[in-house]
Amino acid sequence: MEVRTRAPGKIILAGEHSVVHGSAAIAASIDLYTHVLFRLPPPSENHGSVELELKDMGLVFSWPSKILEEAFHSLDTLSSTPQSCSPTHLRLITSLVEEKNIPEAKIWLSSGVCAFLYLYTSIHGYKPATVAVTSELPLGSGLGSSASFCVSLAAALLALTSEVSVDDGNSQWLTLTESNLELVNKWAFEGEKIIHGKPSGIDNTVSTFGKVIMFKSGELTQMKSTMPLRMLITNTKVARNTKALVTGVSERAVRHPSAMHAVFTAVDFISKELAKAIEGPAADDISFTRREEIIEELMEMNQGLLQCMGVSHASIENVLRVTAKYKLTSKLTGAGGGGCVLTLLPTLLSNNIMEKVVADLESCGFQCLKVEVGGKGLEIYFG
Ligand SMILES: Nc1ncnc2c1ncn2[C@@H]1O[C@H](COP(=O)(O)OP(=O)(O)O)[C@@H](O)[C@H]1O
Ligand SMILES: C[C@@](O)(CCOP(=O)(O)O)CC(=O)O
Ligand SMILES: [Mg+2]
């Protein structure tokens, strides 16, 4: 028996970091996915272990079911409702992951492997199975790979453990019903907590539900974009870690509470104004152009405030300088500190200019990604 799931990555148009402190933020799914294949072995092939294959990394981890059962025997790990990982559970998981001696160059994967063991033992218990993961997203670059990993994993585990219902559809890839999506989203948030420490929940929510969303204090509002949102994503390829960056901003907020409160409040207004520009009445090219100018100004203001939070980086500033030569506006997306930068591509931008910008950015060693914005969320396929 097997099931496949895929969950998209995301871009944050405005409000990263501030959203952790209660401000509004705007995010959209992108058409780059994490894929999970969850397979229960037939009795003849039962290897008696829980296996995690990280295909892109060339890594396989395996824990005999008996070892997991012994390690967790004092805890009631299985739970039908999403709950936070207790410190004892996390300690046990961490030592099971440490025993695997992940190579130093890939040690940043440990938090993802811990999140896997948490979701697995909480949703599916210790029964043997194989979980294979592949991702089209650059990992640790601000495009929400951690959230799409947790969403696709939670959905696959729930699909073969309990009954999930799907919306009718003609394609092989199906959408879960609203209540099942909510359940997956809550479990994915618990996985994100293990990877990020203190996530706002925006990444797992947009990965689960897709489209363009506004997110504030845990509440999702689906947005109706009435204009094309064309974005170029530039990956600076500078590695960074969301958990460390989120902690850094929180520490700055403790040192300068009033100043940082004002910064977070300003971002809240920026996100709300951006929402108005995106949802404004559909009209002709002239008014698209005007709305794009508003979005560009808001992106510029948001980037300035992200710099103020201490999460920009020389490589990000470099992308900003290159795109400014072509009168294009950019801002970092996700946690910053390197990672990815967004550039708005106005509707009237010629292909010729667009090709020049991409060539210029790539000559600096950056990688450009062209993506569709605001598409599907989590989907499932019963093979
Ligand atoms: N496909 C994957 N396989 C294993 N771990 C993953 C995968 N995708 C994400 N992760 C985990 O998420 C971490 C990256 O998350 P994060 O720092 O939040 O950056 P982002 O979410 O922007 O990609 C990785 O270090 C890893 O622990
Ligand atoms: C910085 C933050 O706003 C977004 C982090 O996104 P990413 O993990 O860098 O893709 C944190 C959060 O909202 O949980
Ligand atoms: Mg993340």
Side-chain angles (χ1 to χ4, degrees), residues 5-27 29-30 32-37 52-61 97 102 105-119 131-153 188-189 191-207 213 215-218 233 235-236 238-250 264 267 271 302 306 309-311 332-342:
T5 55
R6 65 179 184 199
K10 61 93 226 281
I11 50 174
I12 298 186
L13 298 158
E16 48 275 272
H17 287 290
S18 299
V19 66
V20 175
H21 301 270
S23 304
I26 313 286
S29 59
I30 55 174
L32 295 175
Y33 298 86
T34 300
H35 299 257
V36 167
L37 167 62
L52 172 64
E53 269 183 64
L54 300 180
K55 293 213 168 214
D56 318 299
M57 310 290 148
L59 292 174
V60 180
F61 303 99
V97 173
I102 299 179
K106 293 180 181 166
I107 199 71
W108 44 274
L109 284 169
S110 323
S111 59
V113 181
C114 288
F116 163 79
L117 269 187
Y118 178 64
L119 293 174
V131 177
V133 183
T134 53
S135 187
E136 296 160 10
L137 290 156
L139 272 47
S141 304
L143 300 183
S145 76
S146 59
S148 71
F149 174 70
C150 293
V151 171
S152 46
L153 205 51
F189 181 59
E192 269 278 87
K193 274 159 86 176
I194 294 176
I195 300 173
H196 276 199
K198 195 189 168 202
S200 63
I202 189 170
D203 286 8
N204 49 282
T205 302
V206 73
S207 179
I213 66 162
F215 191 85
K216 184 176 161 85
S217 307
I233 298 177
N235 187 358
T236 63
V238 172
R240 37 36 110 232
N241 169 291
T242 300
K243 187 175 185 177
L245 287 150
V246 168
T247 307
V249 174
S250 296
F264 297 145
V267 174
S271 296
N302 195 174
L306 285 159
M309 292 175 216
V311 296
L332 70 83
T333 190
C340 288
V341 179
L342 286 184

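Worth saying up front: this structure is predicted, and the values here are computed from it rather than measured. Indexing begins at 1, ligand by ligand and atom by atom, following the structure's order. The first residue in the sequence is number 1, and the count goes up from there.
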Q: Check Gly9 against Leu137 and note the closest heavy-atom contact, atom names and distance.
A: CA-CD1, 3.7 Å
Q | Considering all heavy atoms, the nearest His21-Ser250 contact | A | CE1-OG, 3.5 Å
Q: With heavy atoms of Val133 as the reference, note each atom of ligand 1 found under 4.0 Å away.
A: 1 (N)
Q.
Closer than 4.0 Å to some heavy atom of Leu143 - which atoms of ligand 2 meet that?
A. 10 (O)
Q: Identify the heavy atoms of Gly334 and Ile12 that sit nearest to each other, and give their distance.
A: N-CB, 4.3 Å
Q | Contact atoms of ligand 2, heavy-atom distance to Thr242 under 4.0 Å | A | 5 (C), 7 (P), 8 (O), 9 (O)
**Q.** Location of contacts on Phe149 toward ligand 1, heavy atoms closer than 4.0 Å
**A.** side chain
Q) For ligand 2, does Val20 get within less than 4.0 Å through its side chain, its backbone, both, or neither, judged by non-hydrogen atoms? A) side chain
Q) For ligand 1, which atoms have a heavy atom of Gly142 less than 4.0 angstrom away? A) 22 (O)
Q. Nearest protein heavy-atom contact for atom 26 (C) of ligand 1: which residue, which atom, what distance?
A. Trp108 O, 3.8 Å
(Q) Does only the side chain of Ser141 get under 4.0 Å from ligand 1, or the backbone, or both, or neither? Count heavy atoms. (A) backbone
Q) Are any of the N/O atoms in Ser145 less than 3.5 Å from those in ligand 2? A) no
(Q) Heavy-atom pairs closer than 4.0 Å: do any link ligand 1 to the side chain of Leu143, the backbone, both, or neither? (A) backbone
Q. Relative to the heavy atoms of Gly140, which atoms of ligand 1 are at a distance of less than 4.0 Å?
A. 14 (C), 19 (O), 20 (P), 23 (O)
**Q.** Close N or O approach (Gly112, ligand 1; < 3.5 Å)
**A.** yes
Q.
Under 3.5 Å between any N/O of Ser111 and any N/O of ligand 1: does that happen in this structure?
A. yes
Q. Which of the atoms of ligand 2 are close to Val19, meaning less than 4.0 Å from one of its heavy atoms?
A. 3 (O), 13 (O)
Q. Is a side-chain N or O of Thr236 found less than 3.5 angstrom from the main chain of Gly339, in a donor-acceptor match?
A. yes
(Q) Using a 4.0 Å heavy-atom cut-off, which part of Met309 comes near ligand 2: side chain, backbone, both, or neither? (A) neither
Q: Can you sort out which atoms of ligand 1 are near Thr242, meaning under 4.0 Å from one of its heavy atoms?
A: 16 (P), 17 (O), 18 (O), 19 (O)
Q | Proximal ligand 1 atoms for Leu109, defined as those under 4.0 Å from one of its heavy atoms | A | 4 (C), 5 (N), 27 (O)
**Q.** Geometric N/O contact Asn241 with ligand 1, under 3.5 angstrom
**A.** no
Q. Can you tell me if Ser145 has an N, O or S atom under 2.8 Å away from the Mg ion (ligand 3)?
A. no
Q: Without swapping roles, check the side chain of Thr205 against the backbone of Gly201 for a donor-acceptor pair under 3.5 Å.
A: yes
Q.
Only heavy atoms of Glu16, strictly under 4.0 Å: list the atoms of ligand 2 that pass.
A. 3 (O)
Q) At a 4.0 Å threshold, what atoms of ligand 2 neighbour a non-hydrogen atom of Arg240? A) 7 (P), 9 (O)
Q: Heavy-atom contacts with His196 under 4.0 Å: which atoms of ligand 1 show up? List them by number with element.
A: 18 (O)
**Q.** Protein contact of atom 13 (C) of ligand 1 - nearest heavy atom, named by residue and atom, plus distance
**A.** Ile195 CG2, 3.9 Å
Q.
Show the atoms of ligand 2 that are less than 4.0 angstrom away from any heavy atom in Ile202.
A. 13 (O)
Q: Mind checking whether Glu192 contacts ligand 2 via backbone (N, CA, C, O), side chain (CB onward), both or neither, at a 4.0 Å heavy-atom cut-off?
A: neither
Q) Would a 4.5 Å heavy-atom cut-off, applied to side chains only, mark Lys106 and Leu54 as touching? A) no
Q. Of all the atoms in ligand 1, which lie at a distance below 4.0 Å from a heavy atom belonging to Arg240?
A. 17 (O), 19 (O), 22 (O)
Q.
My understanding is that we take every heavy atom of each candidate and find the minimum distance to atom 10 (N) of ligand 1. Doing that for Gly144, Ala115, Ser145, which one comes out nearest?
A. Ser145
Q. Hey, which atoms in ligand 2 end up nearer than 4.0 Å to a heavy atom of Asp203?
A. 5 (C), 6 (O), 7 (P), 8 (O), 10 (O)
Q.
Using a 4.0 Å cutoff against the non-hydrogen atoms of Leu54, which atoms of ligand 1 qualify?
A. 3 (N), 4 (C)
Q. So, is Thr34 polar-close to ligand 1, with some N/O to N/O distance under 3.5 Å?
A. no
(Q) Among all protein heavy atoms in this structure, tell me which lies nearest to atom 10 (O) of ligand 2, with the distance rounded to 0.1 Å. (A) Lys10 NZ, 2.6 Å
Q. With atoms numbered from 1 as shown, which atoms in ligand 2 lie under 4.0 angstrom from a non-hydrogen atom of Pro199?
A. 14 (O)
